[in-house]
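So that the names make sense, note that chain A is the first sequence line, chain B the second, and so on, each numbered from 1. FYI, side chains are in, hydrogens and waters are out, and symmetry mates aren't considered; it's all heavy atoms of this structure.
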Amino acid sequence: MSERKNPYPFDVFEPAWQAVWDEEKTFKVLNPGEEGFDATKPKCYVLDMFPYPSGAGLHVGHPEGYTATDIVSRYKRMNGYNVLHPMGWDSFGLPAEQYAIKTGQHPSITTYANIDTFRRQLKMLGFSYDWDREIATTDPTYVRWTQWIFLRLYHSYYNEELKKARPVSELEAKGWTREQIDNVRLAYVAEGMVNWSPDMGTVLANEEAEEWKSKGHIVERRKLRQWMLRITAYAERLIDELEPLDWPESIKLLQRNWIGKSMGAEVNFTCQGKTITVYTTRPDTLFGATYMVLSPEHELVNEITTAEQKEAVEAYQTVCAAKSDLERTESKDKTGVFTGAYAINPVNGKEIPIWIADYVLTGYGTGAIMAVPAHDSRDYEFAVKFGLPIIQVVQPDNAETPWQDFCGYDGTMVNSEHLNGLSVPEAKKQMTAWLEEKGYGCGKVNYKLRDWLFSRQRYWGEPFPIVWNTKDGNHYAIPESELPLLQPEMEDFKPSGDPRGPLVKATQWIQYSEDFTRETNTMPQWAGSCWYYLRYLDPKNDQAFIDPEVEKYWMGGNNPGGVDLYVGGTEHAVLHLLYARFWHKVLYDYGLVSTNEPFNKLVNQGLILGEDSQKMSKSRGNVVNPDDIVREYGADSLRLYEMFMGPLKEVKPWQTKGVEGISRFLARVWRVAMAENQEGEWELSGKITAEDNGEVTPVRKEVHKTIKKVTEDIEAMSFNTAISKMMECTNAMTGAATVTVSDYVQLLHVLNPFAPHITEELYSILCKQFTTLPACQLCQQPWPTFNPEYLVENTKEIVIQVNGKLRDKITVAADASKEEVEAAALASARVQEFTAGKTIRKVIVVPGRLVNIVAN
RNA sequence: GCCGGCUUGGCGGAAUUGGUAGACGCGCUCGACUCAAAAUCGAGUUCGAAAGAGUGUGGGUUCGAGUCCCACAGCCGGUACCA
């Protein structure tokens with residue numbers, strides 16, 4: 001390393017201020033009911049997506065969002081808000097468990113060691129968290145309430161009329177059977193086809209399956225009993241209640257697409273006296289249905305298949321069953337087999353052949369479709385391949401568009417008896433009504449969203465607070481008094497290949513009582529992150545998951561309610577942000593939280609790329625370590641640089657040279673007040689003066705412009721432009737012979753949320769010499785206001801264009817009339833040069849800005 | 001394929017939302033200080049010798065377009081037969 005002397009002594013004062021904030025609990029915020037709580041202040045809840053404490057430590061992506069929220073938090077505090085700004089750890093997870101398996105160490109040891117590293121690193125950056133509210137999802141005191149919420153789900157069903165969760169005890173009272181109730185619980189057990197890896201001993205999400213297979217693991221399709229959460233019950237609310245939120249439109253769209261609402265109809269076809277119901281979004285095209293397709297797993301396939309086709313159908317079913325969802329969609333080449341059976345189309349009594357094909361999915365709609373090859377691309381492709389008939393029923397309105405494979409809505413019905421001549425949307429409406437009237441079907445809304453597979457075969461997760469009765473085979477909740485239910489201490493938590501997961505090996509733990517054994521699955525990592533933002537409100541409460549009064553203050557009451565600002569990456573756009581909304585709504589239905597949505601405002605920070613504009617990764621060797629940057633340039637420089645790189649939301653590449661530039665800027669701020677003496681020690685330079693005759697100097701004007709700009713930019717979260725304004729202000733001070741202490745302190749003040757250490761240090765040094773300054777920290781003083789009078793200019797520069805091209809600039813009095821400005825513009829020598837020999841057709845005067853002279 | 005987003009100097013990015021394109025920073029050039037270098041300070045820096053041209057490309061609206069409209073291209077992200 002070079003022997004470069006630090007441009008200012010951040011290595012000394014940064015840790016010193018962090019120690020002060022720690023010891024004095026400068027950023028601790030009180031709850032209602034606590035002594036000293038100021039109820040007159042408005043609240044502001046500023047939340048970060050809490051990190052998974054990986055072994056690699058913090059990367060530069062973390063401080064990006066965290067600095068943004070820290071600036072907002074500090075700014076809001078200075079503006080008189082009670083600011084809740086907490087931090088915690090999403091500490092369950094597979095990497096810790098795999099590391100544990102490899103090293104033989106218990107996952108809690110590595111997890112808590114990693115947390116210590118993360119905490120150290122975050123404190124090193126001077127974030128103003130209230131560390132007394134720190135939580136970890138793996139803490140028994142946290143697990144207890146995660147399991148408690150799970151039991152809420154378990155004991156609930158979704159009441160379709162009230163459109164909210166209600167306790168299943170209501171149904172018991174109505175005489176529902178145990179089986180009926182189990183079929184409607186929000187947390188339920190179901191047999192389903194899942195991706196199972198025998199050598200890893202766990203189920204895998206569809207997204208994970210291919211990845212692990214390519215690493216040499218075995219992944220097979222297997223029917224397993226799994227815990228599911230009935231998120232589909234909330235599909236409608238998850239779409240509707242998304243609308244008013246202050247979220248990026250792109251994220252809302254992502255969620256909307258994921259939930260995938262579509263409006264259509266179910267239509268009953270008959271086949272050998274049996275009813276086969278299909279789902280379609282295009283009931284208008286029923287007259288164009290020329291065949292039917294069932295998914296290979298459809299329950300009626302075996303019943304209707306004819307003897308001649310039996311062999312072919314079964315062979316096809318076998319092939320499909322072996323494929324994962326991913327493999328099934330890998331090739332869009334259509335495959336399928338004729339069942340030999342025919343269905344009767346209710347609209348015209350015509351017989352159409354029934355096929356099975358894997359392009360029809362079991363899990364969506366009814367698992368059966370009517371195929372309208374003329375107006376559906378997939379059906380069209382299939383019909384062409386297997387030589388099935390194609391009947392036109394829609395004529396596109398645009399005459400140039402061929403009707404074959406026309407799937408649009410801008411068309412007119414043909415060959416459709418009573419629908420002929422109608423527009424597509426109108427025909428859709430009329431056909432749905434007709435089906436309902438005749439009892440052939442009904443209008444139906446469908447969602448792509450599937451229920452949430454909630455169990456994992458892992459050790460390092462929350463165990464389900466559930467036991468199984470060995471006699472009746474039913475599941476039962478354990479009493480709340482037994483929470484938290486922790487994993488047993490185990491020497492060997494390696495996967496065994498048993499689909500019940502590693503906990504089966506804890507034979508004593510499993511045996512709950514003579515007739516009851518414990519559920520051995522654990523919850524996914526998402527469970528803890530579904531409600532952590534609520535636990536921060538009241539993290540030490542051992543009576544309730546939150547005190548209702550506390551919840552009301554932080555989440556409800558004040559407009560608009562919920563978390564006021566939530567910042568994190570786009571990678572959680574659908575999973576975490578959907579799951580958390582779902583849990584929140586269940587809690588809301590029970591009156592346990594005050595708002596139906598948890599996060600009122602969401603902002604996604606953009607990814608930071610490596611210096612090579614590629615995604616940072618170990619294999620590329622372009623990873624930047626925050627520890628190195630802090631050592632070399634200081635925490636303030638890292639914070640400021642990450643905010644200066646570009647707009648928070650954009651993807652942007654890292655440039656270490658840019659950090660140097662920021663470091664130079666902070667050094668210039670330092671040297672406005674400080675100079676080195678002969679011994680090489682820093683001391684006040686004498687440039688800062690107490691003398692202040694009230695004159696509005698250029699520096700003072702600049703300071704007030706800066707206050708205005710920084711205030712507006714923080715509100716708009718446009719931190720990069722705020723910083724460039726503060727640079728201009730600093731440059732003005734550097735160029736001035738003297739700077740009054742009040743002007744300088746105001747600059748320090750607006751810079752404080754961005755670079756808290758250097759500003760507090762300079763302020764505390766100034767306080768010793770200028771004893772009239774308030775003796776408390778800058779971060780505890782009110783945000784400065786600008787004086788509008790200082791911003792008024794008495795002259796203005798006016799741009800003069802001839803035919804839209806810049807030709808001259810003139811300076812006029814700020815209050816000059818339109819006529820005066822026009823006259824001055826026409827008098828310009830440059831204008832006369834460019835209009836010579838031409839006729840002036842028009843003169844446009846934009847007050848205070850420009851004059852455009854049109855001449856030819 | 002479908003759905004989003006982005007495209008401005010050598011680089012990261014500004015531009016009061018239709019009104020001086022290139023703020024601020026990096027880099028580079030020159031100068032001051034120094035025996036010298038680093039650091040620091042100061043000047044310059046879109047291209048072009050100039051006329052002029054210029055915000056991915058081509059068209060349009062307008063007195064005036066980076067900004068609005070139409071068409072296209074490239075890159076990034078999401079999604080994947082959802083009937």
Side-chain angles (χ1 to χ4, degrees), chain A residues 2-5 7 248-254 256-258 260-262 264 278-282 285 293 325-326 328-334 357-361 363-372 375-379 381-382 407 446-450 570-571 573-574 606-607 609 611 613 615 641 644-647 649-662 664-665 667-668 671 709 712 718 720-728 730-731 734-735 797-809 841-846 848-855:
Chain A
S2 69
E3 292 179 33
R4 182 176 72 91
K5 185 179 189 299
E249 262 321 302
S250 59
I251 300 292
K252 287 192 190 178
L253 197 66
L254 234 45
R256 255 182 248 126
N257 290 344
W258 186 266
K261 181 178 184 171
S262 51
V278 302
Y279 178 70
T280 178
T281 53
R282 296 294 300 273
T285 62
V293 188
D325 283 2
L326 222 98
R328 275 171 88 148
T329 56
E330 238 164 33
S331 154
K332 303 238 171 173
D333 236 15
K334 297 285 177 291
D358 67 358
Y359 83 91
V360 174
L361 310 171
Y364 183 78
T366 60
I369 62 157
M370 60 170 205
V372 183
H375 307 296
D376 180 284
S377 309
R378 296 148 303 180
D379 298 344
E381 202 185 313
F382 192 84
C407 308
N446 256 326
Y447 298 94
K448 284 203 283 189
L449 187 69
R450 306 294 156 86
T570 344
E571 65 272 21
V574 279
L607 198 65
L609 304 174
E611 205 126 15
S613 289
K615 217 170 177 165
Y641 172 66
F644 186 63
M645 291 172 83
K649 296 169 199 173
E650 303 299 310
V651 177
K652 46 215 172 276
W654 180 272
Q655 291 180 306
T656 297
K657 280 284 181 196
V659 189
E660 277 180 36
I662 283 291
R664 272 202 280 273
F665 160 60
R668 267 202 312 277
R671 286 196 313 268
K709 178 79 173 145
E712 289 166 356
S718 177
N720 54 333
T721 51
I723 293 166
S724 67
K725 187 69 212 173
M726 291 188 281
M727 286 172 166
E728 289 183 77
T730 305
N731 291 344
T734 301
E797 193 183 51
I798 302 290
V799 166
I800 303 176
Q801 299 178 334
V802 176
N803 292 332
K805 290 198 172 76
L806 175 68
R807 293 305 182 196
D808 201 2
K809 293 175 189 179
R841 304 280 172 198
K842 202 172 176 184
V843 179
I844 292 119
V845 181
V846 182
R849 294 216 156 271
L850 61 67
V851 177
N852 189 14
I853 296 158
V854 186

Of all residues at least two apart in sequence or in a different chain, which pass the side-chain hydrogen bond (donor to acceptor under 3.5 Å, both in side chains) check with A:N257?
none
Say you pick atom C1' in B:A23 and the same atom in B:C33; how far apart are they, in whole Å?
30 Å
Between A:K649 (NZ) and B:G13 (C1'), how many Å, whole number?
16 Å
What's the gap between B:A38 and B:G56 when it is taken at their P atoms, as a whole Å value?
38 Å
Expressed as a whole number of angstroms, how long is the span from A:I844:CD1 to B:U62:C1'?
10 Å
Once side-chain hydrogen bond (donor to acceptor under 3.5 Å, both in side chains) is applied, do any residues pair with A:R671, and if so which ones, sequence neighbours excluded?
none
Kindly give the atom pairs (protein nitrogen or oxygen, nucleotide nitrogen or oxygen) under 3.5 Å for nucleotides 4-8 of chain B.
none

Could you measure between the two P atoms, the one in B:G25 and the one in B:U46, and give it in whole Å?
15 Å
Report the residues that fulfil side-chain contact (heavy atoms from CB on, under 4.5 Å) with A:N731, sequence neighbours left out, ordered by chain and then residue number.
A:R668
Would you write out the dot-bracket form of RNA chain B, 5' to 3', with Watson-Crick and G-U pairs under 3.5 Å, [ ] for crossing pairs, | for pairs to other strands and . for unpaired bases?
(((((((..(((......[....)))((((((.......))))))((....))..(((((..]....))))))))))))....
Which residues satisfy the side-chain contact (heavy atoms from CB on, under 4.5 Å) test with A:K652, sequence neighbours excluded?
A:E64, A:M645
Would you tell me if any nitrogen or oxygen in the side chain of A:Y364 comes within less than 4.0 Å of OP1 or OP2 on B:A83?
yes
Going by the rule ring pair (Phe, Tyr, Trp, His ring centres under 6.0 Å), which residues pair with A:F382 if we only count those two or more places apart in sequence or in a different chain?
A:Y291, A:W355, A:Y359, A:F386
A:D376 has an atom CG; how far is it from atom C1' of B:C2, in whole Å?
14 Å
Do the charged groups of A:E249 and A:R256 touch, with an N to O distance under 4.0 Å?
yes
Tell me whether the OP1 or OP2 atom of B:U20 has a side-chain N or O from A:K809 closer than 4.0 Å.
no
Residues in side-chain contact (heavy atoms from CB on, under 4.5 Å) contact with A:D808, at least two apart in sequence or another chain:
A:I800, A:I810, A:S828, A:R830
Just checking A:S262: base, sugar-phosphate only, or nothing, at a heavy-atom cut-off of under 4.0 Å?
sugar-phosphate
In whole Å, what separates the C1' atom of B:U17 from that of B:G66?
12 Å
Expected string for nucleotides 21-31 of chain B under the B/S/- scheme (protein heavy atoms, under 4.0 Å, primed atoms plus P, OP1, OP2 as sugar-phosphate) is --BBSSS----
Close N/O contacts between protein and nucleotides 52-56 of chain B (under 3.5 Å):
none

On RNA chain B, compare the nucleotides closest to A:A667 and A:N852; which residue's is nearer the 5' end?
A:A667
A:K649 NZ: over 12 foreign heavy atoms closer than 6.0 Å:
no
With sequence neighbours left out, write down each residue that passes ring pair (Phe, Tyr, Trp, His ring centres under 6.0 Å) with A:F665, or none if nothing qualifies.
none
Starting at atom CD of A:E571, determine the distance to atom P of B:C76, rounded to an integer number of angstrom.
19 Å
Atom-pair distance (CH2 on A:W258; C1' on B:U79), nearest Å:
8 Å
Please state how far atom CG in A:L609 lies from atom C1' in B:G77, giving the value in whole angstrom units.
12 Å
To the nearest Å, give me how far apart CG (A:L361) and P (B:A80) are.
11 Å
Considering only side-chain heavy atoms of A:P653, which listed nucleotide, B:G13, B:A83, B:G64, is closest?
B:G13
Using the C1' atom on both, measure B:G58 against B:U20 and round to a whole Å.
27 Å
For A:E381 and for A:K615, find the nucleotide of RNA chain B with the closest heavy atom, then tell me which residue's nucleotide is more 5'.
A:K615
Taking side-chain contact (heavy atoms from CB on, under 4.5 Å) as the definition, give me every residue that meets it alongside A:S377, ordered by chain and number, with sequence neighbours left out.
A:D405, A:C407
